[in-house]
Amino acid sequence: MEKRVMTVGKRRRSLAAAAAVLSGVLVLSACDDGEAAGPAASGSASATSQAQVDEAAEQKTSKAQITISPENGSQNASINNDAKVAVTEGKLTEVTMTSSEGTAVKGEIAADGLSWKPAGQLERATVYKIAATAVDAEGREAHENSSFTTVSKENSFIGNFTPEDGSTVGVGMPVSINFNKAITDKKAVQGGIKVSSSSGQEVVGHWFNSTRLDFRPDDYWKAGSTVTLKLDLDGVEGAKGVFGVQQKTVTFKVGRSQVSTVDVATKTMTVKRDGKVIRTIPISAGSPENTTYNGQMVISEKFKETRMNGATVGFTDSDGKGEYDIKDVPHAMRLSTSGTFIHGNYWGARSIFGSVNTSHGCVGLADVKGAGDPKQMAAWFYDQSMIGDVVIVKNSKDKTIAPDNGLNGWNMNWSAWKAGSAL
């Protein structure tokens with residue numbers, strides 16, 4: 001048997017060859033792309049291969065492009081208009097919207113399949129998720145998802161307005177809006193509110209302070225006209241980081257014209273309907289110690305019976321209790337925020353009406369306890385009056401009522417009123 005002996009040099013060359021083979025195996029395992037390593041597998045060839053793969057994948061992808069608003073992760077989204085889904089080069093087939101609690105939000109895909117929106121207003125300070133599916137002309141599906149948070153109560157404001165939608169009011173009724181947060185950008189907010197009348201009268205807004213904005217024409221509304229209030233405040237930044245959420249249209253009717261004039265000196269009230277006197281009523285106004293404000297006042301509330309406690313308006317005895325506390329004042333109608341009413345009076349002698357001013361600043365008319373007799377002067381006037389009617393007080397020794405004390409902006413001249421507009 002022939003015995004072969006491997007020299008050291010030959011052994012080293014064999015190990016080197018084996019290492020080279022193993023190296024090739026390792027390269028193949030790491031890349032795992034079926035291409036051999038070495039000079040034949042260039043970088044440009046690899047890039048070309050990846051481009052071909054991407055192009056092939058793109059050819060299999062739906063052409064439908066879905067857009068969801070608001071953008072994913074948005075904060076302080078509108079509760080009215082922000083949420084929507086649209087698609088190009090395709091049609092929507094399914095859209096689901098849920099709150100963070102899993103509550104489904106109703107919505108409908110448009111007839112043309114190109115858009116979707118919620119059926120109603122969203123909740124404030126709520127996280128919503130939208131998932132949308134669409135198909136292109138080849139039937140290939142596309143999907144898109146988004147999540148956003150609606151504006152919180154802390155970061156939003158609303159305006160409480162009067163009169164109510166669909167109501168009928170007197171000719172003196174202003175549109176009065178009270179915001180629940182202070183407004184610093186009055187121009188932006190007023191710009192989002194429009195008040196117009198079918199009469200064609202110019203209507204201007206006036207800011208009394210940072211939370212109250214009233215609208216009125218130069219003179220009383222025309223009888224029989226229709227007034228429209230449009231609130232387009234959704235997304236309007238009223239103060240830093242505080243946004244409006246209201247978007248609605250309100251209309252109200254102006255009824256017949258009724259303006260009543262209380263003459264404190266003669267202790268009578270003359271009631272005019274559409275410019276004609278329909279009745280003169282004896283009254284008892286504020287006593288010399290507690291005079292009644294002069295000026296044009298608007299009826300803002302009506303109560304068949306109500307409680308009047310002097311302590312609530314500053315009339316107290318030494319013990320701190322009200323100088324009066326009448327729990328069933330009949331046929332009461334508010335004329336000011338500070339407590340001026342025109343109301344029935346059953347506790348005073350009949351002889352005071354038309355002859356002596358005895359009240360704490362209100363205007364009293366003869367009445368009976370229980371407000372049950374329609375023949376009483378107070379009952380008649382109550383039945384003939386509506387919210388927004390005007391009561392003018394003259395010849396009192398008191399000052400003219402402040403324009404912002406109640407709905408009484410008519411006590412400001414037109415130039416001063418317009419000067420309070422932010423536009």
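- Using modelled atom types, one finds a donor on one side chain and an acceptor on the other under 3.5 Å when comparing D234 with N81.
- Scanning both residues, S197 and S199, for their nearest heavy atoms gives OG-OG, 2.7 Å.
- Within the cation-pi definition used here (under 6.0 Å to the ring centroid, within 45° of the axis), K399 does not qualify as a partner of Y293.
- The pair D328-K369 meets the salt-bridge criterion, with a side-chain N (NZ, NE, NH1 or NH2) lying under 4.0 Å from an Asp/Glu carboxylate O.
- Residues forming a side chain to side chain contact (heavy atoms under 4.5 Å, CB included) with N76 (at least two apart in sequence, or on another chain): V151, N155, F243.
- For D263 and N395, the side-chain atoms include at least one donor-acceptor pair closer than 3.5 Å.
- Counting heavy atoms from C-beta on, the side chains of D219 and P217 never come closer than 4.5 Å.
- If you check the side chains of T61 and R140, you find no donor sitting under 3.5 Å from an acceptor.
- Counting only distance, with no hydrogens or angles, the side chain of S167 and the backbone of P163 share no donor-acceptor pair below 3.5 Å.
- Surrounding CD of E123 are at most 12 heavy atoms belonging to other residues, nucleotides or ligands under 6.0 Å away.
- Note: W207 and F179 have parallel aromatic rings, judged against thresholds of 30 and 60 degrees for the angle between ring planes.
- Side chains of F252 and V175 form a contact here, defined as non-hydrogen atoms less than 4.5 Å apart.
- The neighbour count for K304 NZ, taken as heavy atoms of other residues, nucleotides or ligands under 6.0 Å away, does not exceed 12.
- The shortest side-chain heavy-atom distance between R212 and D404 falls under the 4.5 Å cut-off.
- In this structure, S355 contributes its side chain and S351 its backbone to a donor-acceptor pair below 3.5 Å.
- Taken to the nearest 0.5 Å, the CG atom of N209 stands 7.0 Å off from the NZ atom of K186.
- Around atom NZ of K253, no more than 12 heavy atoms belonging to other residues, nucleotides or ligands sit under 6.0 Å away.
- Side-chain N or O atoms of D136 include none that pairs as donor or acceptor with a backbone N or O of G90 at under 3.5 Å.
- Note that CE of M297 is 10.0 Å distant from CD1 of I392, once rounded to the nearest 0.5 Å.
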### Task
Let me see the working for E141 and H143 under side-chain contact (heavy atoms from CB on, under 4.5 Å), right down to the final yes or no.
CA-CA 7 Å; E141 286 191 344; H143 302 271; 3.2 Å; yes
#### Entry: Derivation of the side-chain contact (heavy atoms from CB on, under 4.5 Å) call for M173 and L407
CA-CA 7 Å; M173 187 70 188; L407 302 176; 3.5 Å; yes
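- Note that CD of E89 is 6.5 Å distant from NZ of K63, once rounded to the nearest 0.5 Å.
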### Message
Using side chain to side chain donor-acceptor pair (under 3.5 Å), reason through E71 and S146 one step at a time and then give a plain yes or no.
### Response
CA-CA 7 Å; E71 292 182 357; S146 181; over 6 Å; no
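- Separating the CD1 atom in I130 from the NZ atom in K84 is a distance of 11.0 Å, to the nearest 0.5 Å.
- Side chains of V329 and W347 form a contact here, defined as non-hydrogen atoms less than 4.5 Å apart.
- Proximity of V391 to V363: side-chain heavy atoms (C-beta onward) are nowhere separated by under 4.5 Å.
- Using modelled atom types, one finds no donor on one side chain facing an acceptor on the other under 3.5 Å when comparing E101 with T103.
- Within 6.0 Å of atom NZ in K230, 12 or fewer heavy atoms from other residues, nucleotides or ligands are found, so the atom counts as exposed in its surroundings.
- Of all the heavy atoms in I283 and M269, the pair that sits closest is CG2-CB, 3.9 Å.
- Using a 4.5 Å heavy-atom cutoff, the side chains of T268 and I281 are not in contact.
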### Query
Does the pair Q376 and Y382 meet the rule for a side chain to side chain donor-acceptor pair (under 3.5 Å), with working shown?
CA-CA 10 Å; Q376 297 298 314; Y382 182 90; over 6 Å; no
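- In the model, S396 has no side-chain atom that pairs as donor or acceptor with a side-chain atom of D398 under 3.5 Å.
- Minimum heavy-atom separation, D214 to I177: OD1-N, 4.0 Å.
- How far CD1 of I68 is from CZ of F148: 9.5 Å, rounded to the nearest 0.5 Å.
- For the pair T226 (side chain) and S198 (backbone), a donor-acceptor distance under 3.5 Å is absent.
- At distances below 3.5 Å, not a single donor-acceptor pair connects side-chain atoms of N411 with backbone N or O atoms of P403.
- Within the 3.5 Å criterion, the main-chain N or O of W380 finds no donor-acceptor partner in the side chain of D383.
- Defined by atom type and a distance below 3.5 Å, a donor-acceptor pair is missing between the side-chain atoms of R279 and Q384.
- Taking 4.0 Å as the cut-off between side-chain N and carboxylate O, R256 and D389 count as a salt-bridged pair.
- Going from atom OG of S152 over to atom CD1 of I79 covers 11.0 Å, rounded to the nearest 0.5 Å.
- No donor-acceptor contact under 3.5 angstrom links the side chains of N80 and Q247, judged on distance only.
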### Message
I'd like to know whether S421 forms a side-chain contact (heavy atoms from CB on, under 4.5 Å) with Q190, so could you lay out the CA-CA distance, the side-chain angles of the two residues, the decisive distance to 0.1 Å, and finally the verdict.
### Response
CA-CA 8 Å; S421 171; Q190 190 175 336; 2.8 Å; yes
### Message
Applying side-chain contact (heavy atoms from CB on, under 4.5 Å) to M97 and L122, what does each step give before you reach the verdict?
### Response
CA-CA 11 Å; M97 182 175 183; L122 304 180; 3.7 Å; yes
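- A 4.5 Å side-chain heavy-atom check between T228 and V195 finds every atom pair outside the cut-off.
- Residues T280 and T270 approach most closely at OG1-OG1, 4.1 Å, considering heavy atoms.
- Looking only at distances, no side-chain donor or acceptor of N345 sits under 3.5 Å from a matching main-chain atom of L365.
- Annotation: cation-pi geometry satisfied between R216 and W417 (NZ/CZ under 6.0 angstrom from ring centroid, within 45° of ring axis).
- Nearest heavy-atom pair, N357 versus A285, reported as atom, atom and distance to 0.1 Å: OD1-N, 2.8 Å.
- Looking at I401 and N294, their side chains never come closer than 4.5 Å, going by heavy atoms from C-beta outward.
- Residues T211 and A182 approach most closely at CG2-CA, 3.9 Å, considering heavy atoms.
- Of the possible polar contacts, none joining the E94 side chain to the A132 backbone as a donor-acceptor pair under 3.5 Å is found.
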